[in-house]
Amino acid sequence: MSRIVGIDLGTTNSLVAVVDWKTGLPRVVPDRGGRVLLPSIVAFTPDGVLVGDAARRQLVRRPETTVYSVKRLMGRGYEDVRDELCYFPYKVLPCEGIVKIDLGGREVTPPEISAIILKSLRDRAEAYLGEPVEKAVVTVPAYFNDSQRQATKDAGRIAGLDVVRIVNEPTAASLAYGLGRLKEGVVAVYDLGGGTFDISILRVKDGVFEVLATNGNTRLGGDDFDRAIVVWLLDDIRERYGAYLGRDAEAMQELRLAAEAAKIRLSTEERTTLTIPFDAFTYHREITRADLEGLVERLVDSTLGPCRMALADAGLAPADVDEVVLVGGSTRVPLVRRRVQELFDRAPHSQLNPDEVVAVGAAVQAHILEGGITDMLLLDVTPLSLGIETLGGIVSVLIPRNTTIPTSAREMFTTSVDGQTLVDMHVVQGERELVRDCRSLARFELRGIDPMPAGLPKIEVVFLIDANGILQVTARELRTGREAAIEVRPTYGLSDADVDRMVEDSFVYAEADVEARLLIETRNEADTVVTHVERALRQGGGLVAADEREAIGVALEVLRQIRGGTDRDLIHERTAALNRATEHLAEVMMDAALKGALESRRATEIAASPGES
Ligand code: AMP
């Protein structure tokens, strides 16, 4: 079996790593010069295409044809990136839903650029392993959507690599620290690189990683630290030598490089000296760690808000976090570590090189897929889609067929009847649109929901398939906290022939199924409107004139009569007609509600005032 490598395809740098079969230890693969970081830069020159450090040297000479930060463009449309185009010196054009990069006559897509980077890493891995490499696990940010993930897979294909798995970067970093072995826990992954900041909150349970929340800033990183130092140096030079170098591109480049080097030294030293030979004078300046911290403190502190927001989105407090993982070169800055430790009140994992930890995790995942690690995660795919029955006997799929397990998915549902206190949960498996054509896996009830109007309860359904293929379904009503759960083994009693037949049927009946689903959805929509209008008439009917009430009553009755038929357009039309007939009633009710709210507010204000005067 051919090896599977782990690749961190980064915005600034990319790396490839493999796990040694004999020792089981991961190793980041160096190039011939011993460097492990490959700058994610591709330069198109008259002499050919350059990648990495060689391409970086073209940044100043050929800004229009040297492409960096292409990850920011992957799988995105022109409208998505329009606001960011000012950051790219190369030309980006819209092209059928995606973007292309115009290299002066030649147009290339972001996956093609990424493929050049991947190909370079593939060559590196082949030279190191002494065998062809055709498969890879590639990491992406947790917030990447489907098209961004697909674009990453496309890049692999163009580079001759089968991307056997896309892994979230924070999950990879957690795997590198062995956190996949945790029975249960919450992991915060704080990732501060050169140009981006990401915070991810993950829940790990029995080897399954679930991304609970992500936040961050796509324009914040170590480069901003460097800029803050440069501004400080420019002021100092002006004061001491009377020269302003801010408009001298070459001097600025020198200053930036010196600032970054000083910043890096200050991660381990208390003070350091910068020496920059300019034409007119040689500049010397001592800078202490305290100076640096004064310059970057505001930037570092600005990462804490997104951390708190991610925690809030996950419904957690800092104390709920069990493990903190640091990723990205800028987490070597001592002030960053201190702030992260203060926020979560625990020492973060930092033993591994923060530049390499994602690639190492990708290699661990790759090794699991190769069968090299058997005690961690058993990876497989779901042979058939898994979902639950919703109103009218339609299947709502939570985990599509062929999803790699372990996996999890969550979705919100609500009730369809006023005062409903019980929900029947029906877990089904199959590729057809209607429940009656799928395999029934399990049923259970969620009871004890407070009686509320239809549509108000929030029922969160979570599907979790663990490494052993066991599906756990949990339903929780968020207002009352009522919860019910069930466990099933979806593949139990299912032969390969069954799976084939069920997949085949879904193709044969595709059209009829979609038609049936649409009809049910249209009826559901009609029923929802009928329920709402009935409620509105009960509560606010007296606010409008009798003839208006009567007109609404007629439209309501017509819809009730025809909703059971099969003419989808007619049901749709009558639903719209009922909606139109009640527009005025809705307005009047809204005004009355608003007035009521204002009056009660005035009442509270009046009640509060005597004590204040
Ligand atoms: P990454 O995007 O993860 O490769 O991180 C690159 C950023 O980390 C750059 O801004 C580097 O200047 C910064 N960096 C790398 N090493 C160190 C270090 N020892 N101390 C401070 N910053 C560092």
Side-chain angles (χ1 to χ4, degrees), residues 6-17 28 30-31 35-41 52-53 55-56 59 68-72 87 117 121 139-142 169-170 172-173 176 189-200 216-231 233 253-272 274 287-297 299-300 302-303 325-340 348-362:
I7 292 179
D8 170 6
L9 185 60
T11 310
T12 322
N13 292 303
S14 296
L15 304 87
V16 56
V28 182
D31 66 3
R35 287 166 299 217
V36 295
L37 297 183
L38 176 73
S40 305
I41 307 175
D53 286 308
R56 198 219 296 265
L59 274 176
Y68 63 89
S69 286
V70 74
K71 187 171 176 179
R72 295 182 187 273
Y87 296 105
I117 299 166
L121 293 173
T139 58
V140 296
E169 287 162 10
V189 181
Y190 179 102
D191 180 349
L192 188 63
T196 56
F197 165 61
D198 294 313
I199 174 77
S200 311
N217 183 341
T218 53
R219 295 280 165 198
L220 175 70
D223 299 348
D224 298 289
F225 297 0
D226 303 345
R227 264 190 288 275
I229 302 170
V230 168
V231 169
L233 295 176
Q253 178 72 356
E254 292 285 341
L255 282 169
R256 224 186 319 265
L257 290 175
E260 183 181 11
K263 171 190 76 176
I264 290 175
R265 287 198 297 277
L266 288 174
S267 287
T268 46
E269 293 160 27
E270 282 298 329
R271 58 186 64 238
T272 185
L274 276 126
I287 173 168
T288 65
R289 190 183 287 172
D291 292 330
L292 174 71
E293 294 189 346
L295 292 171
V296 303
E297 187 170 23
L299 294 165
V300 175
S302 74
T303 65
V325 171
L326 295 180
V327 179
S330 300
T331 59
R332 289 202 188 86
V333 173
L335 178 66
V336 172
R337 294 196 172 179
R338 277 208 313 277
R339 288 291 190 264
V340 174
H349 286 276
S350 57
Q351 309 87 307
L352 297 176
N353 184 327
D355 296 319
E356 300 177 357
V357 56
V358 169
V360 165

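Owing to the predicted nature of the structure, the values given are computational and were not obtained by experimental measurement. Indexing begins at 1, ligand by ligand and atom by atom, following the structure's order.
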[atom]: which protein heavy atom is closest, and how many Å away?
atom                    : value
atom 6 (C) of ligand 1  : G194 N, 3.6 Å
atom 21 (C) of ligand 1 : S267 OG, 3.3 Å
atom 19 (N) of ligand 1 : R332 CD, 3.2 Å

I264 and ligand 1 - part of the residue with a heavy-atom distance under 4.0 Å: both

Between S330 and ligand 1, which part of the residue brings a heavy atom under 4.0 Å of the ligand: side chain, backbone, both or neither? both

Measure the [atom1]-[atom2] distance between [X] and [Y] for me, rounded to the nearest 0.5 Å.
X    : Y    : atom1 : atom2 : result
T196 : D223 : OG1   : CG    : 9.5 Å
I41  : D53  : CD1   : CG    : 8.0 Å
L192 : R337 : CG    : CZ    : 11.5 Å
I229 : D291 : CD1   : CG    : 10.0 Å
T268 : R289 : OG1   : CZ    : 7.5 Å
L299 : L335 : CG    : CG    : 10.0 Å

[X] versus ligand 1: do any nitrogen or oxygen atoms come within less than 3.5 Å of each other?
X    : answer
N13  : yes
L192 : no
G329 : yes

Which of the atoms of ligand 1 are close to [X], meaning less than 4.0 Å from one of its heavy atoms?
X    : value
E260 : 9 (C), 11 (C), 12 (O)
G328 : 3 (O)
D355 : 3 (O), 4 (O)
K263 : 10 (O), 11 (C), 12 (O), 13 (C), 22 (N)

Cation-pi check for Y87 against R72: NZ or CZ below 6.0 Å from the six-membered ring centre and within 45 degrees of the axis, yes or no? no

Given F225, which of V230, V296, L295 fulfils the side chain to side chain contact (heavy atoms under 4.5 Å, CB included) condition? V296

